[in-house]
Amino acid sequence: MRVYVDEVHRHVGEEITLKGWLYNRRSSGKLHFLLVRDGTATIQCVVFVKDVPPELFERAGHLTQESALEVVGTVREDARSSLGFELGVREFRVLHDAAEYPITPKEHGPAFLLDHRHLWLRSSRQHAIMRVRSTVVAACRNYFDRRGFTLLDAPVFTPAACEGTTNLFEVDYFGTPAYLTQSGQLYMEAGAMAFGKVYSFGPTFRAEKSKTRRHLTEFWMIEPEVAFADLDDDMDLAEDFLVEVVGRVVAERRRELASLERDIAALERVQKPLPRIRYEEALATLAEAGKPVAFGEDFGGDEETVLSERFDRPVLVHRYPAACKAFYMKVDPEDARLALCVDVLAPEGYGEIIGGGQREDDLDTLEKSIQAHGLPAEAFGWYLDLRRYGSVPHAGFGMGIERMVAWLCGLHHVRETIPFPRMLERLTP
RNA sequence: UGCUUCGUAGCUCAGCGGUAGAGCGGCGCCCUGUUAAGGCGACGGCCGCAGGUUCGAUCCCUGCCGAAGCAGCCA
C-alpha cells in the first residue's frame, strides 16, 4: 500500500510503500539511514544488513542524493528519529539514479541558490515558506469568496499605464506597444460597478530598477474593490481581512512558522482593532523619532520602519498628501491637500503590505487629475465611462502576496517567498 | 541608477609580490543507531575576464563583466 510520509503515523506496524527522493544518507557499518522525502515530509528509512539481501544493502550504501526511490518497509515508532516514526526497510527499488546533486546540506550563498532555484525548492526551508504562501493565497481568496465577492481577473496585457508610464514592461502587441499590467485596479473598478464587490488575484509587473529586499519585477497581488464604499469602509475591510488571513496562517501553518523560527506570538497579536493614524500624526511621530519628513513627502523604508516599530501590530496610515499619490485617489473633501487613501504597514520593519483608498468618482475632477499627472487622456476613455454611467463612491486596496509572506515567515528578503523570483538582473531559472 | 563591499576547488571560505590551502560535498575503505554522523585515503584549481606595473602578479593599478548589501521608487 502506497502511503505518504505525513500519514505514516496511521500505519504503525504495517508494511507500506513509500515513493520519494533521497534527501540525505548516513551510514554506520551494518546500517544505512536513508532520509527519504516525498513532498509531504521526510522520514528516516533504516536499512539493516540482516534485513535485506547483500546486494541491496551494498546498493543502499551508494545511493546518490535526490535519487528517486520506491521503498517497502514496516512503520515503527522510534524517538530516535526526528519525525517520531521510521521505516524498517525490507526492500527498495531505485527509479532513477541522480547525478551529483549541487545543493548539499551545507551552507550556500544566495546567488548560487537562486541559480539553482528549481532544485532549491526541494529543501525543507523552502517547503515551509511555500506552504505558508499557499495558505496565504487560499485564505485571501476564501475571505472574499465567503463575503459575496466575485473573482474577476484583470488582463495582463494593458494598453496604458495605470499609475504612470515609467516602470512598465513594454511588449510588442502585433505592431502596437502594450504593457504588462502593474495593477488590476482600474479593471476592478469596472468590475465593482458591474458586480458590486469584486476581487482579482494575479501577477503584476514593475520595471523598476529596484535592487532591494522588498522588490520583485513580477509579484502577485490580491485586489478587492467595493461599490458604495468610502475610505472608512475600505479601512474596515482591510483590517478585517488582514486579521483573518494572519489568524488562519497561524492556525494552519504553525509547524512551518516554527521551523522558520518565526516569533509566532508576534503574529498572534494581530487582532482588531488595528491602530489607525493620519499622515500628519505620522509626521509628528517621525519628527519625535528624529526622522523629520516635510509635509507632502512620501515615506521611505526607514520612515516606514520607524512608524511600524511604534506598534505591536500592523498600522493603517491614512490621508497622505494627494500630491504624492496616484491620479485616481479621491481628494479629502475636508482638506483638499489630502487624498482618501490608506497604507497598511506591517510590524517589525516589513513595510507597506497593503495600499488602497477611495477612488475619484467625479468625471470632471478625474479628467483634471489625469491632465495634472501628465497622463494621456485618450488612454483612459473606458475608465472615464465608469464616471458617466452610474458613478458611485467606491474603494479598494491591493495586497502584495510576497511582502505578506515575507512578514509572516520573518524572512529578510522577498526573493524566497515566490517559487521563481523575477528581479532586476535575474530572469532564470 | 547611485554609494559600499566582494569574485580563489562542485559549495562555503582562508591566504599571499616567487603560479595555492581548509572544511563540506562527490569517489574508495572502516564503523549496529546515525541526526548537517564520525574516522582514514586519493582525486579535485586558466585564483572572474582583458590590459598595465614588475625579473616575476592570484596578490598592486586600470577597465570590463558578474554578485551581495543599502538607498530612491513602490506592493
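Throughout, a chain's letter reflects where its sequence line sits, starting with A, and its residues are numbered from 1. Only heavy atoms go into these numbers, but all of them, side chains included; no hydrogens, no water, no symmetry mates. From a predicted model like this one, the values you see are computed outputs, not experimental measurements.
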[X] side chain: which of [options] is closest?
{"X": "A:Glu303", "options": "B:rG72, B:rC70, B:rC27", "value": "B:rG72"}
{"X": "A:Arg26", "options": "B:rG72, B:rC27, B:rU34", "value": "B:rU34"}
{"X": "A:Glu100", "options": "B:rG25, B:rG33, B:rA68", "value": "B:rG25"}
{"X": "A:Gln44", "options": "B:rU34, B:rG69, B:rG25", "value": "B:rU34"}

Of A:Gly300 and A:Leu63, the one whose nearest nucleotide on RNA chain B sits closer to the 5' end is A:Leu63

5'-most contact on RNA chain B (nearest-nucleotide basis), A:His32 vs A:Thr64, goes to A:Thr64

Q.
Using only atom types and a distance under 3.5 Å, with no angle test, would you say the side chain of A:Arg359 pairs donor to acceptor with the backbone of A:Gly396?
A. yes

Close aromatic pair by centroid cut-off 6.0 Å: [X] and [Y]:
{"X": "A:Phe380", "Y": "A:Phe327", "value": "yes"}
{"X": "A:Trp382", "Y": "A:Tyr187", "value": "yes"}
{"X": "A:Tyr279", "Y": "A:Phe295", "value": "yes"}
{"X": "A:Phe397", "Y": "A:Phe241", "value": "yes"}

So what does [X] touch, heavy atoms closer than 4.0 Å: a base, only the sugar-phosphate, or nothing?
{"X": "A:His116", "value": "nothing"}
{"X": "A:Gly109", "value": "sugar-phosphate"}
{"X": "A:Glu402", "value": "nothing"}
{"X": "A:His108", "value": "sugar-phosphate"}
{"X": "A:Leu31", "value": "base"}
{"X": "A:His62", "value": "sugar-phosphate"}
{"X": "A:Leu216", "value": "base"}
{"X": "A:Glu86", "value": "base"}
{"X": "A:Arg214", "value": "base"}
{"X": "A:Ser27", "value": "base"}
{"X": "A:Glu352", "value": "sugar-phosphate"}
{"X": "A:Phe112", "value": "sugar-phosphate"}
{"X": "A:Asp302", "value": "sugar-phosphate"}

With rounding to whole Å, what would you report as the distance between [N] and [M] at their [atom1] atoms?
{"N": "B:rG33", "M": "B:rG38", "atom1": "C1'", "value": "13 Å"}
{"N": "B:rU62", "M": "B:rU54", "atom1": "C1'", "value": "16 Å"}
{"N": "B:rC59", "M": "B:rG21", "atom1": "C1'", "value": "15 Å"}
{"N": "B:rG48", "M": "B:rG7", "atom1": "C1'", "value": "6 Å"}
{"N": "B:rG45", "M": "B:rC64", "atom1": "P", "value": "31 Å"}
{"N": "B:rC70", "M": "B:rG56", "atom1": "P", "value": "43 Å"}
{"N": "B:rG23", "M": "B:rC6", "atom1": "P", "value": "26 Å"}
{"N": "B:rU4", "M": "B:rA75", "atom1": "C1'", "value": "27 Å"}

Whether [Y] and [X] form a salt bridge (side-chain N of Lys/Arg under 4.0 Å from carboxylate O of Asp/Glu) is what I want to check.
{"X": "A:Arg276", "Y": "A:Asp236", "result": "yes"}
{"X": "A:Lys272", "Y": "A:Asp240", "result": "yes"}
{"X": "A:Lys368", "Y": "A:Glu360", "result": "no"}
{"X": "A:Asp332", "Y": "A:Arg337", "result": "no"}

Within residues 125-141 of chain A, the residues having a heavy atom closer than 4.0 Å to RNA chain B are none

Mark this stacking check for A:Phe219 against B:rA75 as yes or no, applying ring centres under 5.5 Å and ring planes under 30°.
yes

Can you check side chain to side chain contact (heavy atoms under 4.5 Å, CB included) on A:Arg117 and A:Arg426, steps first, answer last?
CA-CA 11 Å; A:Arg117 182 60 171 168; A:Arg426 186 172 289 281; over 6 Å; no

message = Which label fits A:His116 and A:Phe112: parallel for a plane angle under 30°, tilted from 30 to 60°, or perpendicular past 60°?
response = tilted

CZ of A:Phe299 to CG of A:Asp343, rounded to nearest 0.5 Å, is 9.0 Å

Are there any protein N/O atoms within less than 3.5 Å of an N/O atom in nucleotides 3-9 of chain B, and if so, which ones and at what distance?
none

Separation of B:rC74 atom C1' from A:Phe169 atom CZ, nearest Å, is 13 Å

Note, RNA chain B 5' to 3' with Watson-Crick or G-U pairs under 3.5 Å encoded as ( ), [ ], | and . gives (((((((..((((....[..))))..((((.......))))......(((((..]....))))))))))))....

For the base of B:rC74, is there a side-chain donor-acceptor partner from A:Arg403 under 3.5 Å away? yes

When A:Val47, A:Asn24, A:Val71, A:Ile43 are each screened for side chain to side chain contact (heavy atoms under 4.5 Å, CB included) with A:Leu34, the one that passes is A:Val47

When every non-hydrogen atom of A:Met329 is compared with those of A:Cys341, the smallest separation belongs to SD-CB, 3.5 Å

